[in-house]
Amino acid sequence: MFDFRPHKLQVVTFVAGGFDEHGIPQPDTESVVELPCRIVPNGSASQVRFNDGKAYNYSYSIYLNQDCRLFSIGEKVRLFGLDGEIENDKQFEVIGFVRNLLNARLWV
């Protein structure tokens, strides 16, 4: 059977540690949410143009389910292929997000 979302995307958010009830500082923690996706590399140096008129170069175009969470520009994500983590960078920054009729698309 064909899998439309064979890859994984992890959304990385950092939570400040603060202090416990005794005033001892707590370390910052990292919260990770994993979503199924399809990762398509930008092999032709294409640009994506948004409604504000600016064009951006992107490394990967990521297709997600239409009912996924809303992504904001500048969020940190990690990409995982079928054989593990993508080699280039460990962490990517979101440069654009759009929700279509049948899917959602994210550019990093």
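The figures that follow rest on heavy atoms only: side chains count, while hydrogens, waters and symmetry mates do not.
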| message | Before you tell me yes or no, could you show the steps for Asn42 and Val48 under side-chain contact (heavy atoms from CB on, under 4.5 Å), namely the whole-Å CA-CA distance, both residues' side-chain angles and the distance that decides it to 0.1 Å? | response | CA-CA 11 Å; Asn42 181 11; Val48 61; over 6 Å; no
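- Contact between Cys37 and Ile62 at its shortest, heavy atoms only, is CB-CG2, 3.6 Å.
- Here the closest heavy-atom approach between residue Leu79 and residue Leu9 is recorded as CD2-CD1, 3.7 Å.
- A side-chain N or O of Gln47 and one of Asn57 form a donor-acceptor pair less than 3.5 Å apart.
- Atoms CZ and CZ, from Arg105 and Arg38 in turn, are 9.0 Å apart once rounded to the nearest 0.5 Å.
- Within the structure, no pair that satisfies the salt bridge (charged side-chain N to carboxylate O under 4.0 Å, His left out) test touches residues 51-68, not counting sequence neighbours.
- Summarising the geometry, atom CD belonging to Gln66 is positioned 8.5 Å from atom CG belonging to Asn100; distances are rounded to the nearest 0.5 Å.
- Other cluster members for Val12: Phe14, joined by side-chain heavy-atom distances under 4.5 Å among Ile, Leu, Val, Met, Phe, Trp and Tyr.
- Closest approach of Gln26 and Phe19 over heavy atoms only: CG-C, 4.3 Å.
- Residues Phe97 and Ala104 share a closest heavy-atom pair of CE1-CB, 3.8 Å.
- Nearest approach of Asn103 to Arg5, heavy atoms of both residues: CB-NH2, 3.6 Å.
- Every residue two or more places apart in sequence or in another chain that forms a side-chain contact (heavy atoms from CB on, under 4.5 Å) with Glu93 is listed here: Lys76.
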| Arg99/Leu70 under side-chain contact (heavy atoms from CB on, under 4.5 Å): CA gap, chis, key distance, verdict | CA-CA 9 Å; Arg99 194 180 305 273; Leu70 183 67; 4.1 Å; yes
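- Linking Ile, Leu, Val, Met, Phe, Trp and Tyr whenever their side-chain heavy atoms come within less than 4.5 Å puts Val108 and Leu35 in one cluster.
- Taking Ile, Leu, Val, Met, Phe, Trp and Tyr as members and joining any whose side-chain heavy atoms lie under 4.5 Å apart, directly or through other members, Ile24 forms no hydrophobic cluster with any other residue.
- Contact record, Ile39 with Lys8: CD1-O, 4.3 Å, taken as the closest heavy-atom pair.
- Glu30 is linked by a side chain to side chain donor-acceptor pair (under 3.5 Å) to Arg78, counting only residues two or more places apart in sequence or in another chain.
- Linking Ile, Leu, Val, Met, Phe, Trp and Tyr whenever their side-chain heavy atoms come within less than 4.5 Å puts Leu106 and Tyr60 in one cluster.
- Take Phe50 and apply the ring-ring contact (aromatic ring centres under 6.0 Å, His included) test, not counting sequence neighbours, and it matches Tyr56, Trp107.
- With Phe71 as the aromatic partner, Arg69 meets the cation-pi criteria of under 6.0 angstrom to the ring centre and within 45 degrees of the ring axis.
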